[in-house]
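Beneath this line is the structure, given in structure tokens, with notes to follow.
Computed from a predicted model, the values in this text were never measured in an experiment. Whatever order the structure lists them in is the order used to number ligands and atoms, beginning at 1. Heavy-atom basis, side chains included; hydrogens, waters and symmetry copies ignored.
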Amino acid sequence: MTIDHFKRNEAMPLDLGWLNHIHVNKAAADRRAQSLANRRTVKKEYQAAWLVKAIELIDLTTLAGDDTPGRVERLCMKAMRPLRSDLVEALGLQDRNLMTGAVCVYHEMIQHADKVLKGRLPIAAVSTGFPAGLTSMETKVREIELSVAAGAKEIDIVITRQHVLTGNWQALYDEMLAYRKACGEAHVKAILATGDLVTLENVAKASWVCMMAGADFIKTSTGKEGVNATIPVSLVMVRAIREYHERTGFQIGYKPAGGVGTAKAALQYMTVMKEELGNEWLEPHLFRIGASSLLTDIERQLEHYVTGNYSAAHRHAQP
Ligand SMILES: O=C[C@H](O)COP(=O)(O)O
């Protein structure tokens with residue numbers, strides 16, 4: 001299923017009663033995360049297939065102050081041809097049209113990405129004063145509108161962390177609702193910046209409020225917080241997604257982002273999705289991994305699978 005043919009989450013009224021039932025058992029989440037980390041996620045023979053799948057789940061990202069049109073164009077070319085042609089051939093993937101899930105850039109880079117991608121892959125733009133989200137509401141809404149007009153099909157907004165830290169759920173709901181409205185047809189991912197939210201209970205509550213206000217995806221991090229995506233945080237967020245689905249029938253996507261740089265980590269996040277939400281959530285319309293360097297490691301691991309040897313990371317084209 002493509003993201004365009006999918007029944008989107010509809011905003012519902014803020015129901016604070018739903019938040020009151022939330023209690024997170026941190027020790028249990030940590031234990032479960034540890035058990036996932038300690039075991040082999042997928043058996044060797046399936047690993048290559050999972051890694052190919054992982055490529056299709058990546059939001060290939062560059063979000064640096066020194067981004068240039070040239071860097072973004074190279075990133076987009078890599079997103080459209082993520083594996084070297086000898087590996088594509090050795091893995092028998094010639095007919096698969098393998099591409100990443102999307103590319104993710106700053107607003108100013110949308111036009112440069114668009115020149116290369118020409119609509120073949122979605123462009124996700126970070127927005128609303130990314131990464132801190134502390135510009136005026138008027139500016140943040142306008143930023144979304146400009147990015148949608150420039151061709152972004154997905155908007156990654158950052159929430160205002162103080163709304164969570166002060167328990168002002170109404171303010172969080174109102175801003176998320178306004179962002180969803182400004183996005184129009186573009187899908188909206190709500191970045192919770194979980195590393196700033198102090199407790200797992202806050203992470204769970206922020207997830208619920210953003211989903212009630214119409215978020216299509218909930219996303220962990222900007223990649224700029226001190227702590228970015230982690231497995232315990234992911235367990236809390238995907239369980240909120242599961243319960244929201246049970247209550248409303250809407251399927252919300254999940255995007256861990258920030259610091260997911262190895263094939264092994266990608267396989268762990270995929271295992272979380274499969275075990276907590278089922279195979280349906282292993283598709284790009286419901287799962288993305290936001291990452292700048294993950295693709296390089298996956299390509300390296302697939303080269304090892306094909307040839308039995310590792311080459312140095314610098315020999316693989318960096319996006
Ligand atoms: O949303 C994606 C992140 O900003 C990428 O973070 P990363 O550079 O740690 O992979």
task: Apply salt bridge (charged side-chain N to carboxylate O under 4.0 Å, His left out) to R120 and list each qualifying residue two or more places apart in sequence or on a separate chain.
output: none
message: When you compare the side chains of Y305 and Q301, does any donor N or O come within less than 3.5 Å of an acceptor on the partner?
response: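 No.
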message: Looking only at side-chain N and O atoms, does D30 offer a donor or acceptor that is under 3.5 Å from a partner on Q34?
response: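 Note: Q34 and D30 side chains miss the donor-acceptor criterion.
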message: Applying side chain to side chain donor-acceptor pair (under 3.5 Å) as the test, list every pair that has at least one member in residues 203-215; sequence neighbours left out.
response: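 Qualifying pairs, neighbours excluded: none.
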field: Every residue of the protein that comes under 4.0 Å of ligand 1, judged on heavy atoms
entry: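 Residues within 4.0 Å of ligand 1: T61, L63, K219, T222, G223, A257, G258, G259, G290, A291, S292.
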- prompt: V198: which other cluster members, linking ILVMFWY side chains closer than 4.5 Å, directly or transitively?
  reply: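 Besides V198, the cluster holds L165.
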message: Would the distance check show the side chain of D156 and the main-chain N or O of K189 forming a donor-acceptor pair, the cut-off being under 3.5 Å?
response: no
